[in-house]
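Below is one structure, written out as structure tokens, with a few remarks after it.
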Amino acid sequence: MGTVTSTTQSLQKRDLFAVSFGLALSIATAFALRYRGKRLREAPCCDCGHGHCGQKSDCCSTADDGPSEPSGEANEDLEDLASDAHISRPPRLGIGEVLRKLTRSSVPTDTVASDQSRLPGRQRIHVKTFGCPHNQSDGEYMAGQLKDYGYTLVDSLEESDAVVINSCTVKHPSETRALNLVSNAQQAGKGVVLAGCVPSSNRQLAESLGVSMLDVTQLDRIVEVVEETVKGNTVKLMEKRSDLPSLSLPKVRKHRLAEIITINAGCLGSCTYCKTKMSRGKVVSYPIEAIVDRALESAREGVCQIELASEDMGAYGLDIGTSIAELLRSVSDALMKHHPGVMLRTGMTNPPFIMQHIDEIIEVLNRPNVHAFMHIPVQSGSDQVLRTMRREYTVADFSYLADRLKASVPELFLLTDIICGFPTESEEDWQETMALCRKYKFQGIHISQFYARPGTAAARLKPLKSHIGKDRYKELADLMTSYDRNEHLLGREERVWFADTEQERSKGVNLQGQTVGRTKSFAKVLVPRNDSLMAEEAKAENQQLKAKIESLGKLVAKQQQVIVEHEGRLRAFSARTIGAMVAIRFAGVKRRRLISLNDPKEPEALQ
């Protein structure tokens, strides 16, 4: 009985071993067939050299003959390519080498990312402009070209990879701010391009900085300079050109609804305190047709205000046989015909060249689509100081213009400039200036302390004590705040053109972001922020973000479900495989134990 039981148990163990061994053999055979099929697909024909034909022929070996060894590169399956994590995509063109094929050479990821960051047109550029409307227009043109090329414009130095500094040299503070920004950018490891009037008027100073530089006449080449600068090179395009950059270049406006059109560059004056002529040169004017075309194009783009920028508007056209009066009439007529709602604003003009056109100017200023605005710098109310400044007019000349304009243009907005503390200015001279300002009660005064500009004649004069300029500045500023320039507008209904926002000029937090508008007489209208409207806008933005988050959440949930399904299938397959392997191992152990416990002759019977 014991012998029968032992024999029965041995037969059961033998059957279990056979089943387990058969399962393992089936799995191994399946993997072998899959690998063999893959090799067959990859193998070229033995004679023709093409991929496997899939059928028996005279030129191709059959599957029974076995696959030939692959010649050349084999076409890998997509899943195999995806699993090769060490294959890295080569950088795009643009860093001095051609596009390479995919290779299995190990390339660190950070190296590829570094190469990508050096590609032209991929960097973040901060464009900072200082100075007059002409400089503002130049900065907008440079920003437009950079954006059109593909660069991303950012609002701060910290966000940028490189910075374009469009500098101003009229006053010492503005030049100092530009140079400080150059220093900060260098310390932060940013690429720096110094453009504008500083490098154009003082090349020796600019050379000492060791940064890329661009002359004011070369602004249409800003992309080339930035492109080389972000590669680590230093470029200096300082040659002065006789022609002007095109007015049709791409542009990014600082204020979306306000366009600044430069009508000419340079001036014909020889002021002893000014460096403008050193950087901008003599007058070079744009043709009237080009200016009119630019004005119409801007109006089609939705602007509601067009400003004509110039170092001296009155000198426009003297180099090309026309005049400022002809230009103003042409632009006004074109806007009235095609875009009657767009307002035109005149630029700065010195007294000498505007006097012969005063009647035509008055006629244009009274048109419904032209702001009743004139900017005529007087600089001083003393003839003695004006002679030392070499301004080429007298206080009587200025008074003639001011009287004619105020008498003929109702509610004229007359803006002027005053320099406080000029080296030859006595207390009597200053009181004459104060008397002139009290007489006309200017709607606006640009007040500036005297700053000696290197290379100018006034820099060689003995300066006044520093407190004198400061005291006179404060005295004139107090006069400006002593009367209400908009008192005549109280209780009236006026049409307002809104094209600006208070941001940089706002000192208080509550003033930031308020809308700025101008009437026909250029009176300033401020509209405070509507907190409730801002709250509604924020609420709408939050709802949009919430909808996007919900959509992304659904997508993530769907992807997670797919992942769970694949994980389940993988676990099931792993369980089956491990179970088979355990069964095989268990059967082998039991068999060895059975052999050791039974009669030594029984293994022969089992075999």
Side-chain angles (χ1 to χ4, degrees), residues 94 120-123 125-153 162-169 178 191-201 203 206 211-231 233-254 259-266 276 278-298 301 306-311 316 319-320 347:
R122 294 295 187 90
Q123 291 75 24
I125 310 297
H126 175 50
V127 180
K128 178 63 177 179
T129 297
F130 300 90
C132 65
H134 188 169
N135 240 29
Q136 293 291 338
S137 179
D138 287 352
E140 292 176 354
Y141 274 123
M142 287 190 283
Q145 293 174 82
L146 293 170
K147 183 178 180 181
D148 189 63
Y149 188 71
Y151 289 105
T152 301
L153 301 179
V163 57
V164 176
I165 303 171
N166 189 22
S167 59
C168 172
T169 190
V192 181
V193 178
L194 181 60
C197 293
V198 170
S200 300
S201 63
R203 187 168 182 175
V211 299
S212 295
M213 295 186 297
L214 189 69
D215 188 79
V216 291
T217 62
Q218 302 272 9
L219 68 88
D220 54 350
R221 301 185 65 184
I222 182 62
V223 171
E224 302 173 52
V225 178
V226 170
E227 186 174 359
E228 292 299 323
T229 301
V230 297
K231 296 178 184 178
N233 301 322
T234 300
V235 183
K236 298 177 181 178
L237 292 180
M238 298 304 299
E239 181 182 357
K240 292 204 176 284
R241 290 163 42 181
S242 58
D243 59 330
L244 294 173
S246 172
L247 291 177
S248 61
L249 291 171
K251 198 172 192 181
V252 175
R253 299 184 186 91
K254 181 180 179 181
E259 169 73 3
I260 303 174
I261 302 178
T262 301
I263 62 174
N264 62 348
T276 299
M278 297 181 185
S279 59
R280 297 285 183 179
K282 293 184 178 181
V283 168
V284 181
S285 303
Y286 283 99
I288 290 179
E289 295 76 14
I291 299 171
V292 171
D293 290 344
R294 181 65 192 181
L296 294 177
E297 179 183 359
S298 302
E301 293 172 355
I306 295 175
E307 177 182 358
L308 303 181
S310 171
E311 281 73 44
Y316 171 82
D319 58 320
I320 58 175

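Position 1 is the first residue of the sequence, and the numbers go up from there.
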Exercise. Quick one: does I260's side chain get under 4.5 Å of Y141's, heavy atoms only?
Worked result: no

Exercise. Partners of T229 by side chain to side chain donor-acceptor pair (under 3.5 Å), sequence neighbours excluded?
Worked result: S212

Problem set entry | Atom pair CZ (R294) and CG (L296), whose distance is rounded to the nearest 0.5 Å | 11.0 Å

For this session: Please report the closest heavy-atom contact between K236 and T234, naming both atoms and the distance.
Result: CE-CG2, 4.0 Å

For this session: Output yes when a side-chain donor or acceptor of D215 lies under 3.5 Å from a complementary backbone atom of P199, and no otherwise.
Result: no

For this session: Give the minimum heavy-atom separation between T217 and R241, together with the two atoms involved.
Result: OG1-N, 3.1 Å

Exercise. If you take all heavy atoms of A265 and E311, which pair is closest and at what distance?
Worked result: CA-OE1, 3.5 Å

Problem set entry | side-chain contact (heavy atoms from CB on, under 4.5 Å) assessment of T152 paired with I125 | CA-CA 6 Å; T152 301; I125 310 297; over 6 Å; no

For this session: Determine whether K251 and E259 make a side-chain contact, defined as any pair of heavy atoms from C-beta on separated by less than 4.5 Å.
Result: yes

For this session: Mind listing the closest non-hydrogen atom pair of I261 and L247 along with its distance?
Result: CG2-CD1, 4.3 Å

Exercise. Would you call S200 and R280 a side-chain contact if the rule is heavy atoms closer than 4.5 Å?
Worked result: no

For this session: Could you grab the distance from atom NE2 of H134 to atom SG of C168, nearest 0.5 Å is fine?
Result: 11.5 Å

Exercise. Is any side-chain heavy atom of R253 less than 4.5 Å from a side-chain heavy atom of S298?
Worked result: yes

For this session: With the side chain counted from C-beta on, respond yes when I222 and V193 share a heavy-atom pair under 4.5 Å apart, and no when they do not.
Result: yes

Exercise. Hey, does the side chain of D138 reach the backbone of G196 with a donor-acceptor pair shorter than 3.5 angstrom?
Worked result: no

Exercise. G266 and V283: which non-hydrogen atoms are nearest, and at how many Å?
Worked result: O-CG2, 3.7 Å

For this session: Could you tell me whether a side-chain N or O of S167 sits under 3.5 Å from a main-chain N or O of A178, the two making a donor and an acceptor?
Result: no

Problem set entry | Salt bridge flag under 4.0 Å for residues E140 and K254 | no

Seminar exercise, completed: In this structure, CE of M142 is separated from CG of L153 (nearest 0.5 Å) by 11.5 Å

For this session: Verify, without hydrogens or angle tests, whether S137 (side chain) and P133 (backbone) share a donor-acceptor contact under 3.5 angstrom.
Result: no

For this session: Identify the heavy atoms of I306 and A295 that sit nearest to each other, and give their distance.
Result: CD1-O, 3.5 Å

Problem set entry | Heavy-atom side-chain contact between P250 and K147 under 4.5 Å | no

Problem set entry | Interatomic distance, L219 atom CG to L249 atom CG [nearest 0.5 angstrom] | 7.0 Å

Exercise. Checking D319 side chain against S285 main chain: does a donor-acceptor pair fall under 3.5 Å?
Worked result: yes

Problem set entry | Check: S246 and Y286 side chains under 4.5 Å, non-hydrogen atoms | no

Exercise. Short question: side chain of Y151, backbone of H126 - any donor-acceptor pair under 3.5 Å?
Worked result: no

Seminar exercise, completed: With sequence neighbours left out, the residues meeting side chain to side chain donor-acceptor pair (under 3.5 Å) with D293 are none

For this session: Calculate, to the nearest 0.5 Å, the distance between atoms CG and CG belonging to N135 and N166 respectively.
Result: 4.0 Å

Exercise. How far does CG of N264 sit from NZ of K282, to the nearest 0.5 angstrom?
Worked result: 15.0 Å

Seminar exercise, completed: Sorted by chain and number, sequence neighbours left out, side chain to side chain donor-acceptor pair (under 3.5 Å) with R221 holds for E224

Problem set entry | Sidechain-backbone polar pair: S279 side chain, C197 backbone, donor-acceptor under 3.5 Å | no

Exercise. Does the Q218 side chain pair with the main chain of E239, one donor and one acceptor, at a distance under 3.5 Å?
Worked result: yes

